[in-house]
Visitor: 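Quick one: this structure, given as structure tokens, is what I'll be asking you about.
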Amino acid sequence: MSTAFEKSARTRWLALSPTYLIIGIFMMIPLCIMIGISFMEQNVYGGVHPNVSFAAYQQILFETDFDENLVFDPSYLVIIGRSLLLAGIATVVTVLVGFPVAYYIARQNERRRNLLIFLVTLPFWTNMLIRIFAWLLILGRGGVIDAPLRFLGVLDADGSLGLLYSPGAVVLGLTYTYLPLMVLPIYASLEKLDFRLVEAAADLYSNKWGAIRHVVIPLTGPGIAAGAILVFIPCMGDFITVDMLGGAKNLMLGTLVQFQFSTARNWPFGSAVAAILLIFVICNMLLYARFTRAERQRSGS
Amino acid sequence: MAEIAVDVQNIVKHYGSFVALNDVSLSIQDNEFFTLLGPSGCGKTTLLRSIAGFEEVTEGKIFLYGEEIEDLAPHQRPINTVFQHYALFPHMTVHDNIAFGLKRLGKSQAEIDKTVKEMLALVQMEDFGNRRTNNMSGGQMQRIALARALAPKPKVLLLDEPLSALDLKLRQAMRDELQKLQRDTGITFIFVTHDQDEAMSMSDRIAVMSNGQVQQVGTPDEIYNRPKSRFVADFIGDTNIVDVTIEATDAKSTLYRSKGGVGLQVERATDLTVGAEISINVRPENVVIVDAGKGRADATLTHKSFFGRTSIYSMELNDGTLIKSRYSSRDELGRKEMAIGDSVGIDFAADTLAELTS
Ligand SMILES: Nc1ncnc2c1ncn2[C@@H]1O[C@H](COP(=O)(O)OP(=O)(O)OP(=O)(O)O)[C@@H](O)[C@H]1O
Ligand SMILES: [Mg+2]
């Protein structure tokens, strides 16, 4: 005889099985293939030789010189560091920009809120290449920013501020691309916030900033953390924005992976870098899980 | 004359085209337990929020101990509020909730700890300082909200229906506690309620409001026994209201005549002139049933309801006007039994009658 509980557990399994199937086929298997490839030998004509090798991981830290000696080479570490730094800065900037936007939207009436949220997500409906290309035209040599400065004589007739192909351009592009992913979760947690608490804070001698700092931010922490995860992870892996606005000087992990699979034809190395990227993602998720657990314990529910 | 704590002068508040407060003026005295009483939607909360600074008034002035405050932000006003739904900060302990205002005021840590301790003792929650506010009972949250609002020692404490979320028994206990708290702290309380018992039992003075206007301000006794308008008489407790015309008046007595022709001679003077159309009000407990022919008017007993502590007798005057009389069970002892349909007389003391001019 099976109890109601066991039965419900079994039906739940059945109901969820398509989900498990899809996750298994489209996520776990490709992931395993990727990790598998990262431990194989490169085939310079594309594909791999099916021999076990750690060369790909070695390549991240060391270079083989002419005498077949391993020499420490920090150039890939620099790329990893740059990825972490630029993705981190972009995440901070999206929080700084996204929080006021979300707060403003949450304070509007319901009709306006829905409209504004729609507007925030609107860029997602436009092709990403076109949107990034627009930034090329704005930041580029003789572009929207340079042209008037040339006209005013601030710059020479063919001078340029050189905004494009800089780390700043990458951060700008990443911020622009992923801002909605920050606004939405913060908005979701602000929408649940009881704004009478803000009044209570004002009543108890907090000015606007004090109320936000001591009441709103602590209570929307989970939304901010979710937004940070949602922005940081794709920033680490991004290659279109980074490639188009950063150029060859500002390689990040995503562009590196893409380069290995296309031009360099080094599948194992590309896979190894992707695996490193995956480790960062997992670390992030673990941190987030710890944070939300602590948060839940703190609020005592 | 006591100092005036809050002086509200000709406040008007519009929400779009809707007029929530229509020319409200009130003078609330220092160390007073002042209640705003009125039916739902009459503008009590709006008035309270205007005093706290959450609503900008459309017109008028508000003074706090002589200082004009209507342009100050809420955090600049030395006024604290106990919110109807408590609005305790869920991410803080009880201690931190109570310390919140003190911290923002930049008090020293030692002083904060001392005050918080005092406040916890004041509301009898000494052991709860390190607890979180969720999962607490309504009464406990109520006390913490009170402690939090009292901790910065505000000049005026505003309370918006603070008891409405509590069950009956707790509500009654909290009434006494609030009154005691007001006396102990000496802080001016402005209390909002739509419960007339609550208002009557706690307040030094009451302002009865309806439709965004103050109808009458007075002590509970004045409001109950000397209502000035039909609205106030009707809103507070059970009552008898009869529409009358003043038929004759002299220095000692007045003759009122009802629409149906029943005359009531009452031994008191009136400021009104002969021919004025008004209503008169007598509370049921002031109506005495006497033998037919011996009272101010004759009536027929039509109904009797027994409530345990009291009984209500319903009678009809000769013109069909319904009059109710309330007897406590003690007064009933030894009185002769009456039956429906009996002819009786009604009487009342002259000074229990109130003239309602609107
Ligand atoms: N922000 C607002 N916008 C428009 N109308 C409002 C607003 N706030 C209040 N009102 C209206 O003003 C009137 C007075 O409201 P208020 O909240 O002051 O009533 P109240 O006396 O406190 O009633 P209750 O006993 O139900 O709390 C109501 O008719 C209400 O609908
Ligand atoms: Mg209200």
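Computed over heavy atoms, backbone and side chain alike; hydrogens, waters and symmetry mates excluded. Chain identifiers are assigned alphabetically (A, B, ...) following the order of the sequence lines, protein sequences preceding nucleic acid strands; residue numbering begins at 1 within each chain.
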Visitor: Side chain, backbone, both or neither: which part of B/Leu88 has an atom under 4.5 Å from a heavy atom of chain A?
Guide: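 It is the backbone, since no side chain atom gets that close.
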Visitor: Which residues from residues 66-80 of chain B are near chain A, with near meaning under 4.5 Å between non-hydrogen atoms?
Guide: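 Result: B/Pro74, B/His75, B/Arg77, B/Pro78, B/Ile79, B/Asn80.
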Visitor: Mind checking which of residues 35-51 of chain B sit less than 4.5 Å from chain A, heavy atom to heavy atom?
Guide: B/Arg49
Visitor: Where is the tightest heavy-atom contact between B/Ala87 and A/Ala200, given as atom of each residue plus distance?
Guide: O-CB, 3.8 Å
Visitor: Which atom pair, heavy atoms only, marks the closest approach of B/His91 to A/His214?
Guide: NE2-O, 2.8 Å
Visitor: Please indicate whether A/Glu110 has more than 12 foreign heavy atoms, meaning atoms of other residues, nucleotides or ligands, lying under 6.0 Å from its CD.
Guide: no
Visitor: Taking side chain to side chain contact (heavy atoms under 4.5 Å, CB included) as the test, write out the residues that go with A/Val281, two or more places apart.
Guide: A/Ile233, A/Met285
Visitor: Evaluate whether atom CE of A/Met128 has more than 12 neighbouring non-hydrogen atoms of other residues, nucleotides or ligands under 6.0 angstrom away.
Guide: yes
Visitor: Heavy-atom distance under 4.5 Å to chain B: side chain of A/Leu219, backbone, both or neither?
Guide: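 The side chain, not the backbone.
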Visitor: Determine whether more than 12 heavy atoms belonging to other residues, nucleotides or ligands lie under 6.0 Å from atom CG of B/Asn130.
Guide: no
Visitor: How about A/Asp194 and B/Pro90: do any of their side-chain heavy atoms sit closer than 4.5 Å?
Guide: no
Visitor: Is atom NZ of B/Lys61 surrounded by more than 12 heavy atoms (other residues, nucleotides or ligands) closer than 6.0 Å?
Guide: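 For B/Lys61, atom NZ is not crowded (no more than 12 foreign heavy atoms under 6.0 Å).
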Visitor: Is any residue of residues 203-211 of chain A within less than 4.5 Å of chain B by heavy atoms, and which ones?
Guide: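 Listed by number: A/Asp203, A/Leu204, A/Tyr205, A/Ser206, A/Asn207.
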